[in-house]
Structures are given as C-alpha cells and as structure tokens.
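Values reported hereafter were calculated over all heavy atoms of this structure, with side chains retained and with hydrogens, waters and symmetry mates removed. Remember, predicted model here, so these are calculated numbers, not experimental data. We name chains A, B, ... by the order of the sequence lines, and we start the count at 1 in each one.
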Amino acid sequence: MLKISNLQASVEGTQILKGIDLVVRPGEVHAIMGPNGSGKSTLSQVLAGNEAYDITGGEATLDGKSLIEMPTEQRAREGIFLAFQYPVEIPGVSNLQFLRTAINSIREYRGEEEIDAVSFMKRAKEKIKQVNLDPAFLKRGVNEGFSGGEKKRNEIMQMLMLEPKLAILDETDSGLDIDALKVVADGVNALRSPERSVIMVTHYQRLLDYIVPDYVHVLAKGKIIKSGGKELALELEEKGYGWLGIDEE
Amino acid sequence: MSATLSFPNVFVDASKALNHDEARISAPWLVAFRESQLHQLEQCLLPTRKTEDWRYSSRHLKMSDAIAKPLTTATKSTLNNDFVDLDGYLVVFVNGHFAADRSRLPENAELTIKPFSALSNEKAEQVLSTAMPSADSAPATPPAQFPFTAINAAYLSDGVYISVPKNIKVDKPIQVQFHSEGEGTSAARVFLVAEQGAEATLIEEFSGQTQTELLTTSVTDINLKEQSEIRYIRLNTEQQQISHVGITSVTQHRNSRFKSYCIGLGGTLRRHDLKVKLVEPGAECSLDGVCVTLEKQHYDNHTEIEHVSAHCQSEENYRCIAGDQSHIVFNGRIMIHRDAQKTSGAMSNKNLLLSSSAEIDTKPELEIYADDVKCAHGTTIGQLDEEELYYLVTRGISPDNAATMLTLGFVNELVQKIPNDIIREKIEKRLESLIQSAFKEV
C-alpha cells in the first residue's frame with residue numbers, strides 16, 4: 001500500500017525528516033510515536049501533500065504511484081485521508097456542501113457518477129450519529145464554533161464518509177476526554193478492513209488501548225529509531241523515551 | 001475635459017427638447033416636474049477626484065454626448081433570460097415607460113400600486129413634491145455633488161407609486177422591474193409609503209442590454225410610518241456594460257422596521273447610495289449588502305444612517321469581493337444627532353480581494369453628538385486563507401473549486417438572509433457561476 005524510503009523533507013530550509021523508511025501493507029495499523037519536535041506531524045503533512053514542506057530526497061509511493069509530485073487533491077482522490085491535529089473552521093461553507101463536493105470530486109476522479117441526494121443524506125446522518133455529533137451540525141459551517149473534541153469527531157466523520165484506503169490520524173487523540181476518545185477509536189475500528197490501512201501519529205499510549213496497532217514505530221529527530229509490535233508502546237509508557245537515548249523535551 | 005465642458009448643458013438641452021417634443025402627449029405634472037428640476041441640474045458639476053464623496057469613483061465616470069441622450073422610447077424588447085416572475089405584484093418599466101401588458105397590479109382597494117401616469121394630475125404632483133427635497137429643506141447631498149438625481153428628474157417618463165394602507169400586511173412580494181435598452185440615459189423612480197402597521201416586501205431589479213453606452217439613474221423613496229415594516233431587496237445585477245447611479249432614501253417613524261438586502265454586481269460605473277433616517281424613537285433598520293466585481297468593473301456603495309431620534313437601532317453588514325483588476329468602494333456613515341440618546345449602532349464591512357490588482361477602498365465614518373450611545377464599527381480586508389484552501393484540497397476538492405467554495409462562503413451568511421426563496425436561489429446561482437469564472441481563468 002504505502003512505501004516510504006529514505007524520505008527527507010524540510011520546512012523553510014530546516015531539515016525535519018532525515019530519511020524515513022516505512023512500509024504499510026493493506027489492513028495494517030501502524031502507530032508512530034515520539035517526543036515533540038521529532039517530525040511526526042511533518043510526516044503526516046508531507047504524505048497529505050502540504051506544499052509548505054519541501055521534499056528534499058527519497059520516495060513515497062501509494063500502490064506503486066509516486067506521491068512526491070502528486071497534487072494534494074489527487075492524493076485524496078487516490079485514497080489518502082489526513083485527520084488534522086488542528087482542523088480549521090470554515091464559516092460560510094456548510095458541512096453538507098463540503099462533504100458532498102469532496103465525495104463527488106473523488107467519485108468523478110474514479111469515473112463514477114455523482115452521489116444522489118437521498119443516499120448522500122442518509123449516509124451523512126448515519127455517520128454523524130456514529131461519531132455522536134448532533135445531526136444539526138451538518139448544516140453548520142465546517143467546524144464552525146465546534147469544541148476541540150467536536151472537531152476531532154468531525155474529522156472521523158469525514159473519514160467515515162470518504163472511506164479512504166489510507167487514513168493518517170495526526171494526534172487525533174490529543175485533547176480528548178475518555179468518551180470522545182472511545183468514539184474516535186470506534187470510528188477507526190469500524191473502518192478497519194483487510195484493504196484499508198491506518199497510520200496513527202500519537203504522543204500517548206492511551207489511544208492504543210482502543211485501537212490496537214500491528215506495529216509501533218518511534219520517531220526521533222527525523223528518523224525512525226525503533227520499530228516493534230504493540231508491546232513497544234507499553235514499554236515506552238513505562239520507561240519514557242529516555243530509555244532509547246532520546247532527550248525528552 | 002470636453003465632456004465636463006458640455007456638462008450639464010447637454011443634459012439640460014436634452015431635457016428641454018424632451019419636454020418640447022412630448023408636451024402634447026405628456027401629462028402636465030410630468031412637464032412641470034421636469035422643468036422644475038432643471039434649475040437644480042443647471043447648477044450641477046460633474047464630480048471629480050477632488051469631490052470627497054466621489055473620490056474613488058469619479059475616474060470611472062465617463063460622461064459623453066452619447067450618454068446624454070434621453071432613453072425614453074418604449075421598445076418591444078424582451079426581458080433578460082434570468083428574469084423571474086415571482087407571481088406577486090409586478091410592475092415593469094421598459095426604458096422608463098410603464099409596460100402595462102407585462103405588469104400585474106392589485107385589483108382590490110387594499111393596496112395601491114400604480115404608475116405615476118395612472119395617477120390624477122394632482123396626486124402625481126403631490127407624490128413627486130414629497131419625494132423631492134423642497135427648496136427650503138437642504139438636500140442631504142448638495143446637487144453640485146450629486147447631479148444624478150437631477151438628471152433623473154429631468155429625464156423622467158414615469159415611475160411607480162406604492163401605498164400600503166394602515167395595518168395591511170401584503171404577503172405577496174411587490175416586484176418592480178426596470179429594463180433598459182439602447183444608448184443614452186434612463187430614469188427609474190419608486191415611491192413607497194407604508195402606513196401605520198403596514199408590512200410589505202419590495203423587490204427592485206434592474207436589467208437591460210446595450211452595445212454602446214447606457215446609464216440608469218434611479219431614485220427610490222421609502223417612507224415608513226409608525227409600526228410598519230418594509231423588506232427591501234435591490235438587485236443591481238444588470239449587464240456589466242450598463243452604468244448605474246442610484247439612490248434610495250428611507251425615512252423611518254416610530255417603531256418601524258426597515259430591512260434591506262442589496263446585491264450589487266460590478267459594471268463600468270456603478271454606485272448605490274442608501275440613506276436611512278431614523279426620525280422617531282424605536283425605529284430599527286438592518287442593512288445587508290453583497291457586492292462582487294470582476295474584470296475591470298467598479299462598484300461604489302455609499303450608506304448613511306442618520307439617528308435623529310433617541311432609542312433607535314441600526315445594524316449594517318456589507319461584504320465585498322473584488323477580483324481581477326476591479327474596484328469596490330464602501331463608504332459607511334453613521335451620524336448620531338445630539339438628541340439621539342440610547343442609540344445602538346453596529347456597522348461591519350468585510351472585504352475579500354481575489355487578486356493583487358483588485359482594489360477595495362473602505363471608509364467607515366462615525367459622527368456622534370450624543371453621549372449615551374452604543375456604536376461599533378469594524379472593517380477587514382483579506383485574501384483567501386491558505387490553511388482553509390489546503391484543508392478543502394486534502395479532501396479531494398480541486399483548488400479552483402475550493403477557492404470558489406471559500407469565496408461564496410464569505411458572502412453566504414448574508415445571501416441566506418434574503419427573505420425570498422426564489423430570489424435567493426437565483427442570486428446563489430448567479431454568484432456561483434460568476435465566482436467559478438473568476439477562478440477558471442487562472
């Protein structure tokens with residue numbers, strides 16, 4: 001599915017990613033952990049296609065197609081979804097209009113017909129209930145006036161609507177109370193299937209109690225310095241990052 | 001310079017010729033009215049860059065001999081494709097002449113909607129004298145700075161008189177359509193009075209076509225008596241070759257409510273002045289405006305809210321979008337008289353620039369002489385937000401589409417407030433195709 005080799009990226013001339021190697025196969029869930037400033041969010045943004053970051057070396061492919069030169073919208077249409085750490089508020093553009101345009105853009109790319117209004121509404125109502133948000137939110141502006149937790153749940157709602165091949169969750173767990181965390185985890189687990197993959201970028205082990213990863217990687221100073229199974233997360237929880245020779249910030 | 005030299009003589013002469021030619025067929029009130037306004041026109045100068053009130057717009061003003069031609073010939077033209085009959089009351093004017101066959105006037109005595117030409121000579125004179133500032137009350141804008149009201153009077157052929165009687169709530173919209181075609185200047189005039197407790201929705205729409213030069217002058221007077229409510233939708237959405245200078249003057253009495261929704265699209269020269277006077281306690285007005293210009297178009301919004309009396313409220317929200325090399329002006333004035341204590345006023349003007357060559361000049365003006373008032377104003381000018389664009393694009397939406405969505409989103413809140421579903425949908429579609437075209441070319 002996703003193959004990253006020796007990926008290097010910088011922002012405003014500062015090198016952040018210094019050679020990442022990672023292979024994510026269909027159906028796998030990978031957790032990427034690491035201290036602040038290790039490059040976790042940069043990796044998420046680079047994969048999603050944020051033009052603020054310059055890719056200075058290496059390669060990343062999704063099902064064999066290079067992502068490096070692929071426009072941001074095309075990556076989404078190919079099946080990448082990024083759940084933002086800080087989703088923006090867009091007053092004036094309703095959630096419904098936004099979701100419908102997104103779905104239809106993706107369908108058009110795949111040569112499919114536009115979704116009909118009835119099944120779209122049905123699906124939107126179903127998914128918004130699934131993440132425990134008030135259906136009235138559908139008519140409101142995108143994330144407009146939403147609390148932090150509501151924004152995160154709205155990201156999951158969008159993910160459920162768009163059904164991506166590869167979902168990247170950028171610290172989706174941060175700032176969530178336990179109930180919201182469960183909602184987010186349920187959403188991700190509902191999406192898990194042999195064809196879909198998930199990358200969870202997180203600071204804490206807590207989320208991994210609810211979404212059990214197949215692999216855990218530790219990212220530090222722009223490189224993956226250790227990889228293991230789910231037990232690695234527990235070890236990190238117990239011993240901190242210092243055990244791996246990383247200064248905790 | 002030559003245009004300035006022949007002004008206002010060329011207009012005065014044209015008006016005299018009009019009266020001479022039509023004296024036999026025109027009603028006496030009309031001949032008298034045109035003549036009575038000529039001395040005003042004779043004193044007028046064309047505004048220049050040094051005329052403060054026209055500072056940003058005078059350069060778009062191109063007065064030629066061609067434009068001085070009175071456009072008073074009725075033609076059998078067809079209305080534009082996007083004209084929508086709302087199935088309420090409809091008053092259509094073509095080149096200033098009342099088109100009876102296209103209009104739908106009320107059949108009962110509950111409501112008066114009549115072209116001036118259908119009024120008695122006495123009534124017509126009375127209506128026009130109330131609408132025009134008399135010699136002893138100085139007009140808010142001195143004629144020397146605003147010649148277009150005088151031109152409108154000198155070129156007038158007809159207009160509409162609407163009177164909503166006491167406690168009558170008109171549930172069907174009153175739609176007034178001014179259509180102009182050809183070369184020259186046309187005059188549109190609306191006079192509405194809402195008696196005590198009356199309610200109505202007035203929709204003014206301007207349309208037309210020209211291959212050369214066409215100027216529409218429009219003058220609307222709205223008088224709200226005690227407890228009345230008027231919803232006023234104005235669509236300055238005609239073809240971009242048409243220039244338009246119009247003024248809407250509103251007078252509000254005790255506890256009356258006036259809500260306006262002005263939609264302005266750019267043209268060669270466009271200007272709309274909206275003046276609201278709150279003369280008795282408890283009156284409330286809310287003025288919403290959406291303005292979009294592209295290419296080399298221009299649009300000038302001048303608003304003025306005058307709090308004469310205490311305990312009145314005003315709220316104003318204008319949002320403007322300028323793309324390409326276009327130019328928008330917003331000048332919002334709130335004047336609070338010494339006796340207008342306990343006034344509450346709020347003015348907001350937000351602007352969006354779609355290109356680095358577009359220009360928006362915004363000027364809020366507050367003039368406050370009372371000491372116990374709440375009055376706030378805010379103005380912003382910005383560009384599309386990169387983060388918002390990126391967010392939409394990460395969901396598979398193309399950058400063009402994302403930019404269109406955000407631009408429409410900028411004015412959406414105000415568009416949604418338009419109190420007529422059919423008009424609102426029409427405006428939504430018009431804005432969508434306009435904004436789409438702005439981003440497709442990039």
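When B/Ile397, B/Val415, B/Leu406, B/Leu408 are compared by the number of non-hydrogen pairs under 4.5 Å with chain A, B/Ile397 comes out ahead. Most heavy-atom pairs under 4.5 Å with chain B: of the set A/Ile90, A/Ile80, A/Ile106, this distinction falls to A/Ile90.
The stretch residues 325-332 of chain B places none of its residues near chain A, where near means some heavy atom under 4.5 Å from a heavy atom of that chain.
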Chain B and chain A: which donor-acceptor pairs fall below 3.5 Å?
unit_1   : atom_1 : unit_2   : atom_2 : d
B/Tyr390 : OH     : A/Gln45  : OE1    : 2.6
B/Tyr391 : OH     : A/Asn143 : ND2    : 3.4
B/Tyr391 : OH     : A/Glu155 : OE2    : 2.3
B/Tyr391 : OH     : A/Gln158 : NE2    : 3.0
B/Arg395 : NE     : A/Gln158 : OE1    : 2.6
B/Arg395 : NH1    : A/Leu82  : O      : 2.7
B/Arg395 : NH2    : A/Leu82  : O      : 3.1
B/Arg395 : NH2    : A/Glu155 : OE1    : 2.7
B/Arg395 : NH2    : A/Gln158 : OE1    : 3.2
B/Gly396 : O      : A/Arg77  : NE     : 2.7
B/Gly396 : O      : A/Arg77  : NH2    : 3.0
B/Asn412 : ND2    : A/Gly92  : O      : 3.0

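For A/Leu82, the parts lying near chain B are the backbone and the side chain together; criterion is any non-hydrogen pair under 4.5 Å. Interface remark: A/Pro164 contributes no atoms to any contact with chain B (heavy atom separation under 4.5 Å).
Of all heavy-atom pairs between A/Ala76 and B/Val393, the closest is CB-O, 4.2 Å.
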